[in-house]
Amino acid sequence: MRIATWNINSITARLPRLTQWLETAQPDVLCLQELKVSEEAFPGDELRALGYESVVNAGGRWNGAAVLSRVGVEDPATALPEAPGYEGVVEARAAGATCGGVRVWSVYVPNGREVGHPHYEYKLEWLAALRATAEKSAGGPQPFAILGDFNIAPADADVWDLAEFEGATHVTQREREALAALEGAGLKDIYPRPLKYDVPFTYWDYRQLCFPKNRGMRIDLVYGDEAFGAAVRDAYVDREARKGKGASDHAPVVVDLDV
DNA sequence: ATGACAGATCAAATCTGA
């Protein structure tokens, strides 16, 4: 089974790219983030024509997460249990489903904006809720994984230049402790292989030639439990999908499982 | 083998992203 995660930065603007990628990469399950679409405008028919059912948590202009599956959908979830809201609104940042016997969550972790900003505290609270879900579901016989845009670089090597991130979000100790908490719940970072260069970055800013210069970050992550990790045969970042005009600023992370 | 932000929004300037 092939499972992938991709921050698509608007499923509307990216639909031609998405359908093309589905046809070439042939994932069985795809976790999407940053749909930037309303529930009504989600292109469910187009995806169904390609054989994919969708579990959608759409929030309109911002956020949005979905799980696409061509191996069935059981126990769909369109909200993260106990997820905190921001300024009184519970945002569309998670979708879950059991697909072909594997339980997955697609998550779009809050950005945090700046250290000390209320959004930063919101990010940490949101990750605490994610940990609670992980604790309930990880460690069983059924493979379990959380895939998505975590907006955290797990290690210093996961950003192109640490000096550029001094005092910034995505690399702080508290954010990384939240990832460590997921590991405490029995999950492990499924580290993908890069198709080029040494570090498997998954995000490159649109500006300042970041992609050609490989000024990227590894922030799209796959956290799998023991059963999931044991089934992993291969994992890689498909940086080809970041190339050319009309690309998302994130590349898909692809995991092949022996299940 | 890659190119100087992009997307969504009551439509132009602003917000968000990281």
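We name chains A, B, ... by the order of the sequence lines, and we start the count at 1 in each one.
Look at Arg218(A) and Asp189(A) and you find a salt bridge, because one of the NZ, NE, NH1 or NH2 atoms lies within 4.0 Å of a carboxylate O, short of that distance. Under the 4.0 Å criterion applied to side-chain N and carboxylate O atoms, Arg174(A) and Glu177(A) are not assigned as salt-bridge partners. With respect to Arg70(A) and Glu53(A), no salt bridge is recorded, no charged nitrogen being found less than 4.0 Å from a carboxylate O. For the pair Arg193(A) and Asp198(A), the salt-bridge criterion is not met [side-chain N within less than 4.0 Å of a carboxylate O].
At the heavy-atom level, Asp149(A) lies under 4.0 Å from the strands shown only through sugar-phosphate atoms. The residue Tyr203(A) sits close only to the backbone: its heavy atoms come under 4.0 Å of sugar-phosphate atoms, none of a base. The residue Thr12(A) sits close only to the backbone: its heavy atoms come under 4.0 Å of sugar-phosphate atoms, none of a base. When heavy atoms are screened at a 4.0 angstrom cut-off, Asp249(A) is found touching no nucleic acid atom at all. Here Arg215(A) lies out of heavy-atom contact (under 4.0 Å) with every strand. Using a 4.0 Å heavy-atom distance criterion, Gly60(A) is classed as making no nucleic acid contact.
One atom, CD of Glu34(A), and another, P of dT9(B), lie 13 Å apart when rounded to the nearest Å. In this structure, Lys213(A) atom NZ and dA4(B) atom C1' are separated by 8 Å, rounded to whole Å. Summarising the geometry, the separation between CZ on Arg207(A) and P on dA4(B) is reported as 13 Å, rounded to the nearest angstrom. Look at CZ on Phe150(A): it is 16 Å from C1' on dA18(B), rounded to the nearest Å. Between the C1' atom of dC5(B) and the CG atom of Asn7(A) lies a distance of 15 Å, rounded to the nearest Å. Distance Asp205(A) CG to dA18(B) C1': 7 Å, rounded to the nearest Å. When rounded to the nearest whole Å, the span between CZ of Arg242(A) and C1' of dA1(B) equals 14 Å. Distance Phe211(A) CZ to dA1(B) C1': 10 Å, rounded to the nearest Å.
The gap from the P atom of dC10(B) to that of dA6(B) amounts to 22 Å, rounded to the nearest Å. Comparing the P positions of dA8(B) and dA18(B) gives an interatomic distance of 15 Å, to the nearest angstrom. Comparing the same atom, P, in dA1(B) and in dC5(B) gives a spacing of 23 Å after rounding to whole Å. To the nearest whole angstrom, the two C1' atoms, one in dG7(B) and one in dA12(B), are 15 Å apart.
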Using a cut-off of under 3.5 Å, enumerate the N/O to N/O pairs linking the protein to nucleotides 14-16 of chain B.
unit_1: dC15(B); atom_1: O2; unit_2: Arg61(A); atom_2: NH2; d: 3.4

Got a list of protein N/O to nucleotides 11-13 of chain B N/O distances below 3.5 Å?
none

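Taking the centre of each ring, Phe165(A) and His170(A) stay at or above the 6.0 Å mark. Here the two rings, on Trp21(A) and Trp6(A), have centers that are under 6.0 Å apart. Proximity of the aromatic rings of Phe150(A) and Tyr223(A) is defined here by a centroid distance below 6.0 angstrom, and this criterion is met.
At a cut-off of 3.5 Å, with distance as the only test, no side-chain donor of Asn9(A) or Ser248(A) sits close to an acceptor on the other residue.
Closest to the side chain of Ser10(A), out of dC5(B), dA1(B), dG7(B), is dG7(B). The nucleotide whose nearest atom lies closest to any side-chain atom of Arg14(A) is, among dG7(B), dA18(B), dG17(B), dG7(B).
Side-chain N/O atoms of His250(A) include one lying less than 4.0 angstrom from OP1 or OP2 on dA18(B). For the OP1/OP2 pair of dA18(B) and a distance below 4.0 Å, the side-chain nitrogens and oxygens of Asn151(A) include at least one atom meeting the criterion.
Figure legend: Arg242(A) and Phe211(A) shown as a cation-pi pair, the cationic atom lying under 6.0 angstrom from the six-membered ring centre and within 45 degrees of its axis.
Aromatic ring orientation, Tyr203(A) versus His250(A): tilted (interplanar angle from 30° to 60°).
A 4.5 Å side-chain heavy-atom check between Ile3(A) and Val102(A) finds at least one atom pair inside the cut-off.
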